[in-house]
Amino acid sequence: MLRLATWNVNSVRSRLDRVIDWLDRSDIDVLALQETKCRDDQFPYDRFDAAGYEVAHAGINQWNGVAIASRVGLEDVQIAFDGQPGFDRDAADTLFAEPVVDSRAIAATCGGVRVWSLYVPNGRAVTDPHFEYKLDWLARLHDNAEKWLVDNPAAQIALVGDWNIAPTDDDVWSVEYFADKTHTTPQERAAFDAFVTTGFSDVVRPYAPGPGVFTYWDYTRLRFPRKEGMKIDFVLASPALAARATAALIDREERKGTGASDHAPVVVEFE
DNA sequence: ATGACGGCAAAATGCCGA
């Protein structure tokens with residue numbers, strides 16, 4: 001049995017008490033974190049250690065940042081996937097003349113499962129260079145995922161995190177609102193569907209069907225109390241791992257109250 | 001039409017998020 005969770009925490013330091021409290025009561029074996037928003041030397045390893053979790057973290061600045069916390073082993077850590085694209089923040093700024101490979105992907109083998117904690121680029125706007133970066137990033141990740149399954153069709157792989165894509169119309173509170181925005185475009189949905197075609201499946205959706213079932217709610221405009229959210233955080237499991245899924249939930253309670261992340265944790269149980 | 005809220009830092013405004 002393995003209980004695996006993923007959570008975009010929107011700063012692990014400002015959310016630390018909430019994250020540790022949640023771990024203490026949620027019986028989680030492996031937690032993938034996104035948007036830790038800190039460098040490695042700023043990560044609060046001690047609090048996770050005290051709670052019984054080893055942590056592998058990747059963070060180079062105040063943006064992005066991904067981690068895996070595990071109480072069932074943490075082996076073969078890999079930061080970034082092969083060929084992970086970088087983003088040129090400002091081609092005219094010599095400080096960032098070289099594209100920066102963001103801290104958006106980290107992997108570790110935990111309890112026999114190869115877990116990838118992923119923070120897919122936002123895309124910002126369809127006309128923004130960040131949108132092409134997002135599509136390229138997903139395509140290069142897919143190249144890797146396809147190869148992993150070709151190399152070993154029985155591989156137990158979990159691609160988890162903030163995908164920044166709403167794969168179906170049920171996954172946004174308003175199709176009209178997102179019509180001219182990122183997250184619902186045909187290109188992004190095709191990029192997501194490519195993983196499904198390759199054999200990875202959303203193991204949460206059968207246990208948390210929509211419409212109106214979300215993992216993210218904007219802090220502004222009373223989006224949470226108005227139930228106006230998006231389903232953009234996913235656990236995609238390889239065929240061998242998906243066959244082991246027995247339960248899943250989106251912990252909407254954790255979005256409540258002061259000091260909440262704008263994302264809820266997502267939990268899957270494997271037999 | 002725009003901003004909202006929230007986090008971070010070479011911080012008191014700008015960048016980023018979705």
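Residue numbers begin at 1 in each chain, while the letters A, B, ... track the order of the sequences. The structure presented is a predicted model; accordingly, all values stated were derived computationally and were not measured. Computation of the quantities below employed the complete heavy-atom set of this structure, encompassing side-chain atoms and omitting hydrogens, waters and symmetry-equivalent molecules.
Residue A/Arg223 places none of its side-chain N or O atoms closer than 4.0 Å to OP1 or OP2 of B/dA4. Taking 4.0 angstrom as the limit, A/Ser11 places a side-chain polar atom (N or O) nearer than this to OP1 or OP2 of B/dC8. Listed pair A/Gln42 / B/dG7 fails the phosphate criterion, with no side-chain N or O lying under 4.0 Å from OP1 or OP2. Contact annotation: A/Arg13 reaches the phosphate of B/dA9 (side-chain N/O to OP1 or OP2, under 4.0 Å).
In this entry the distance linking CZ of A/Arg18 with C1' of B/dG6 reads 13 Å, nearest Å. Summarising the geometry, the separation between CG on A/Leu16 and C1' on B/dG6 is reported as 17 Å, rounded to the nearest angstrom. We find that CG of A/Leu33 is positioned 16 Å from P of B/dG7, with the value rounded to whole Å. For A/Leu222 and B/dG6, the CG to P distance is 11 Å, given to the nearest whole Å. A/Phe224 has its CZ atom 22 Å from the P atom of B/dA4, to the nearest Å.
With sequence neighbours excluded, the residues that form a ring-ring contact (aromatic ring centres under 6.0 Å, His included) with A/Tyr177 are A/Trp173.
Between B/dC15 and B/dA11, the two P atoms lie 14 Å apart (nearest whole Å). Between B/dA18 and B/dG6, the two C1' atoms lie 13 Å apart (nearest whole Å). A distance of about 15 Å separates the P atoms of B/dT13 and B/dA4, rounded to the whole Å. When the C1' atom is compared between B/dG3 and B/dG17, the two are found 15 Å apart, to the nearest whole Å. To the nearest whole angstrom, the two C1' atoms, one in B/dG7 and one in B/dA12, are 15 Å apart.
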For nucleotides 12-18 of chain B, just jot down a letter per nucleotide in 5' to 3' order: B, S or -, based on protein non-hydrogen atoms under 4.0 Å.
----SSB
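When A/Asp171, A/Asp233, A/Asn8, A/Thr6 are each tested for a side chain to side chain donor-acceptor pair (under 3.5 Å) with A/Thr215, only one passes: A/Asp233. A side chain to side chain contact (heavy atoms under 4.5 Å, CB included) with A/Leu118 is found for one member of A/Ile106, A/Leu138, A/Leu141 and no other, namely A/Leu141.
Remark: the backbone N or O of A/Val120 is not paired with any side-chain donor or acceptor of A/Gln34 at under 3.5 angstrom.
The aromatic rings of A/Phe43 and A/His57 lie tilted to each other, with the angle between the two planes from 30° to 60°.
For the residue pair A/Arg114/A/Thr109, the side-chain donor-acceptor check at 3.5 Å is satisfied.
A centroid separation of less than 6.0 Å is found between the aromatic rings of A/Trp137 and A/Phe81.
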